[in-house]
Amino acid sequence: MAVVNDRTYRAAAHSAMTVLRQLLTHLASGAPAEQFTRPSADASTARLPPEERALLEEATQAALEIRRTLEQHRKREAELAALFDTAGDLAALRDLDAVLRAIVHRARTLLGTDIAYLSLNDPVAKHTFMRVTDGSVSARFQQLRLGMGEGLGGLVAQTARPYASADYRTDPRFKHTRPIDEAVLEEGLRGILGVPLRVGKRVIGVLFAADRTTRDFPPDAIALLTSLADHAAVAIDSARLLEETRSALVDLNTANETARAHSTAMRRAADAHDRLTDLILRGGSVDDLVREIAALLGGGLALHDADGTEMARAGTAPLTPSPQGIDASRTGGRAVPVDGTWVCAVMAGSELLGSIVLTGRADLAGADRRLFERAALVAALLLLLRRTVAEAEDRVRGELLDDLLTPDQRGGRHDTGSLNLRARKLGVNLSRPHAVLTLDADNEPRSHLFAEAARRARALGGLAGIHNGHVVLLVPSSDPGTLAAELARDLGRATGAPVTVGAAGPATGPEQLPDAYAEAGRCLGALRALGRTGDGTDIAGLGFLGVLLGDRSDIDGFVQRCLGPVLAYDQQRGTELAHTLDTYYTHGASLSKAKDALHVHVNTVVQRLDRVAQLLGPDWNTPASALELQLALRLHRLSTHIRPSRTPPTDAER
């Protein structure tokens, strides 16, 4: 019996050792301890004493526990290694989007889930919004926004605590909303784990891992995702700070460039201001100013007065400023583009002094545009200075003109030497022939007429003033009548009203000027009495009235102006056209009476009068011309003492 028992014991021990060897082989293969299936106890094992069987069971359990512990350590080691690698990878990233994508991808890999995603908090809108996903297939889910406390993610963002749900759809712990549930259903999610992304005490977002099947997330999975979230939060914050720093550097560089450009523009503007100011202080002209501005802006420039008359230009052809452009610039106070040019009104307060036009710079902007506008201000200053100087000069010239035209109260003349000296200081040489012109305009302010007349007088090198209520000019000229006609036409166009001009002269020296002024006044009165408003002439241009009104009646000149061609024809050909014409008028312009008085055929009289018409013009026999011709014939007869001749006409008259 003892032998049998010993044999049985040895068999049982052998069976137990076999079981232990199988266990060790299974564990050595690396298979999970939970997958080991104990072999069923055979008869030999069953015949072991209870103490031995218990010892065998304890050994088996101990081995399995050791295996589980080793597996946990290896898993933890792998997780720590993965976290370490993740921290290194995140530290190497500098772009925020790349950091977020790396975090989500690593979370999905470490936890082995179907999908991982990350949301960021918006403290202003008080919600957390989906920022990055990995494994998502639903567009609605990728654009999801969760209010604080809504759903699993909103609760994590609000409480800063991790939450897990084996099946979110049926989990009553969370506040379900229709948008969230529809997005989760469309994505097909069931098990969801969410942990906060924290920087200090501040929650910046939520990191999620989720499966499309139900899944329990054990504490070690929660701890792993939490550790990853802690690394991720630091990386996100670092990337965000780096991005903000980069943005700040970009802004700083932009600000530096702006400051540099502004400084350059300021230096250029200051240089331009110094150059233009120096030009004005040196007494530069408008031509100098226009050339300087054109050089500064690299284009062509034209300066016009308020009436659109060109005052100066440089680098451009003659042009006409746009009235619409001037009005727009005047209203807005800025330079405006017009048909490829730039126009800026030249203003003095609300008064329009003129305009400047810039050509060749269609791209004018920024500092150049401001420089152009500043140039308009400098032009306004120069024009105001010129006007002030001109007004002061006009006062001096007007005072001299008063003295020149006014006889001495004692009946004599002013000191001619003093008057000549004062005139020379103003650039007027009284020893040259001068015309005296008296101007008048209907319904036109005298100040406007004087301003235009004074401008013309300065251009002609003469004087202008207001004397006895009339605008008077003293201008170098040997042909007062022609000059008067030109002034009447030009000043009428400039003022927009008819300007009548009476002229006298030419007068030489201060002694002749008062009488010439009186004669110009009589001529102006005669023009107005004759209804010739808007016309300009001298005494000679008034015909026989000039003979009556003039102090220095030029009878021979009047006769020559009226009969000169006829008298010259008679002298050259020995004809008697003047005598025939005189006889014709003496007998009441009757052809039959004239032919009897001349003892010629009526056809001869007609032929002679046709020749007169060819010489004097077709209107020779109008009432006004006939009156002057008759007066000229009588003056000619008296001056030469001729008597009517009854000599028959010759064939040369024909």
Side-chain angles (χ1 to χ4, degrees), residues 479-482 484-485 502-504 519 522-523 525-532 535-654:
D479 190 357
T482 302
E519 184 175 300
R522 291 193 296 272
C523 182
L527 287 172
R528 297 184 64 85
L530 293 173
R532 294 171 61 178
D535 194 4
T537 189
D538 58 358
I539 288 294
L542 293 176
F544 74 92
L545 287 177
V547 177
L548 298 176
L549 298 174
D551 289 335
R552 298 165 294 173
S553 299
D554 184 9
I555 295 177
D556 291 338
F558 173 71
V559 171
Q560 286 298 317
R561 284 193 295 274
C562 293
L563 290 173
V566 173
L567 297 177
Y569 191 91
D570 284 344
Q571 184 177 2
Q572 293 172 3
R573 291 171 173 77
T575 58
E576 293 189 355
L577 296 182
H579 176 58
T580 301
L581 186 61
D582 189 18
T583 304
Y584 171 73
Y585 282 130
T586 301
H587 292 83
S590 171
L591 293 175
S592 60
K593 293 181 180 180
K595 63 100 174 170
D596 293 338
L598 294 171
H599 303 286
V600 296
H601 194 273
V602 67
N603 290 339
T604 302
V605 177
V606 172
Q607 291 171 357
R608 292 179 179 180
L609 295 180
D610 287 342
R611 178 69 64 182
V612 169
Q614 294 176 6
L615 295 173
L616 300 182
D619 59 346
W620 67 275
N621 205 21
T622 61
S625 297
L627 178 61
E628 292 197 350
L629 284 175
Q630 292 178 61
L631 179 60
L633 288 167
R634 284 165 175 72
L635 291 174
H636 177 62
R637 189 192 316 144
L638 292 174
S639 63
T640 58
H641 303 287
I642 62 172
R643 293 289 183 270
S645 173
R646 299 184 181 275
T647 305
T650 65
D651 293 336
E653 294 177 349
R654 300 182 183 274

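Not measured: the values here are computed from a predicted model. Each residue takes its place number in the sequence, starting with 1.
Checking side-chain atoms of Thr604 against main-chain N and O of Val600 turns up no donor-acceptor pair under 3.5 Å. Proximity of a side-chain donor or acceptor of Thr622 to a complementary backbone N or O of Asp619 within less than 3.5 Å is detected.
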In sequence, state the C-alpha distance, the side-chain angles, and the governing distance for Glu576 and Leu598, and then conclude on side-chain contact (heavy atoms from CB on, under 4.5 Å).
CA-CA 10 Å; Glu576 293 189 355; Leu598 294 171; 5.5 Å; no
After noting the C-alpha distance and the side-chain angles of Val612 and Tyr584, does the key distance pass the side-chain contact (heavy atoms from CB on, under 4.5 Å) rule?
CA-CA 12 Å; Val612 169; Tyr584 171 73; over 6 Å; no
Could you go through the side-chain contact (heavy atoms from CB on, under 4.5 Å) check for Ser592 and Val602 one step at a time?
CA-CA 6 Å; Ser592 60; Val602 67; 5.8 Å; no
Can Leu615 and Trp620 be said to form a side-chain contact (heavy atoms from CB on, under 4.5 Å), step by step?
CA-CA 9 Å; Leu615 295 173; Trp620 67 275; over 6 Å; no
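Heavy atoms only, all atoms of each residue included: Ala597 and His587 are closest at CB-CE1, 3.5 Å. The minimum heavy-atom distance between Ala578 and Asp570, with the atom names listed, is N-OD2, 2.9 Å. Nearest approach of Asp582 to Thr586, heavy atoms of both residues: O-OG1, 2.7 Å. Of all heavy-atom pairs spanning Pro480 and Ala503, the tightest one is O-CB, 3.6 Å.
The side chain to side chain contact (heavy atoms under 4.5 Å, CB included) test with Arg608 singles out one residue from Thr583, Leu577, Thr575, and that residue is Leu577.
Asp535 meets the salt bridge (charged side-chain N to carboxylate O under 4.0 Å, His left out) test with Arg532; sequence neighbours excluded.
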